[in-house]
Amino acid sequence: KDKLSPLDLKYFSNMTRIYKNSTKTNRSKAYHTKLSTHDEKPACKICGNISEYYCNMNDQYFCMIHVVGHDENEF
């Protein structure tokens, strides 16, 4: 029940919540979350460089160059 710092609040507000109740919808259509300095940064799915973003649409990590346009279902 501690208050979050403005930086933490911004970071956690970008995450999509998954509800068991199917009548609830996602808060936003933000599929990509920028990784913080504390997050693990696996290799980019496309080029193998250090990733900077996580895509919750397909559960993969991408670098700054490949974060957009990697999935034709995104719009």
Side-chain angles (χ1 to χ4, degrees):
K1 295 187 180 184
D2 294 336
K3 290 192 174 195
L4 296 174
S5 71
L7 183 61
D8 287 339
L9 186 61
K10 182 178 178 183
Y11 174 78
F12 288 115
S13 66
N14 286 331
M15 294 185 175
T16 303
R17 180 171 290 181
I18 300 171
Y19 294 96
K20 289 183 180 180
N21 182 351
S22 62
T23 61
K24 302 228 183 217
T25 58
N26 291 342
R27 286 179 4 150
S28 70
K29 293 196 175 197
Y31 299 117
H32 300 104
T33 303
K34 184 161 177 62
L35 301 174
S36 75
T37 54
H38 304 292
D39 289 325
E40 181 182 349
K41 296 180 179 163
C44 171
K45 175 70 177 171
I46 297 174
C47 69
N49 287 336
I50 295 174
S51 60
E52 296 181 44
Y53 291 88
Y54 169 72
C55 178
N56 62 21
M57 185 173 172
N58 56 17
D59 192 31
Q60 294 175 344
Y61 293 86
F62 295 93
C63 67
M64 177 77 81
I65 296 169
H66 296 114
V67 69
V68 178
H70 63 84
D71 192 331
E72 60 191 30
N73 295 323
E74 293 179 29
F75 45 87

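Note that the structure is a prediction, hence the values are computed from the model and not measured. Residue numbers start at 1 and run along the sequence shown. Below, all heavy atoms of this structure are taken into account, side chains as well, without hydrogens, waters or symmetry copies.
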- Message: I'd like to know if the side chain of S51 reaches the main chain of C63, judged simply by a donor and an acceptor atom lying under 3.5 Å from each other, with no hydrogens or angles considered.
- Response: no
- Run through the side-chain heavy atoms of Ile, Leu, Val, Met, Phe, Trp and Tyr, join any pair under 4.5 Å, and report what else lands in Y54's cluster. L35, Y61
- Task: Each residue besides L7 in its hydrophobic cluster should be listed here, by chain and number; the cluster joins Ile, Leu, Val, Met, Phe, Trp and Tyr at side-chain heavy-atom distances under 4.5 Å.
- Result: none
- Message: Quick test of your reading: applying salt bridge (charged side-chain N to carboxylate O under 4.0 Å, His left out), list the pairs with at least one residue in residues 41-57, sequence neighbours left out, ordered by first then second residue.
- Response: K34-E52
- Taking only residues at least two apart or on different chains, which pairs with a member in residues 55-68 satisfy salt bridge (charged side-chain N to carboxylate O under 4.0 Å, His left out)? none
- Y53 meets the ring pair (Phe, Tyr, Trp, His ring centres under 6.0 Å) criterion, sequence neighbours left out, with none
- Message: If you compare all heavy atoms of C47 against all heavy atoms of C44, which two are closest, and at what distance to 0.1 Å?
- Response: N-SG, 3.6 Å
- Message: So, using side-chain hydrogen bond (donor to acceptor under 3.5 Å, both in side chains) as the criterion, who are the partners of S36 when residues are at least two apart?
- Response: D39
- Do V67 and I65 belong together in a cluster built from hydrophobic side chains that touch within less than 4.5 Å? no
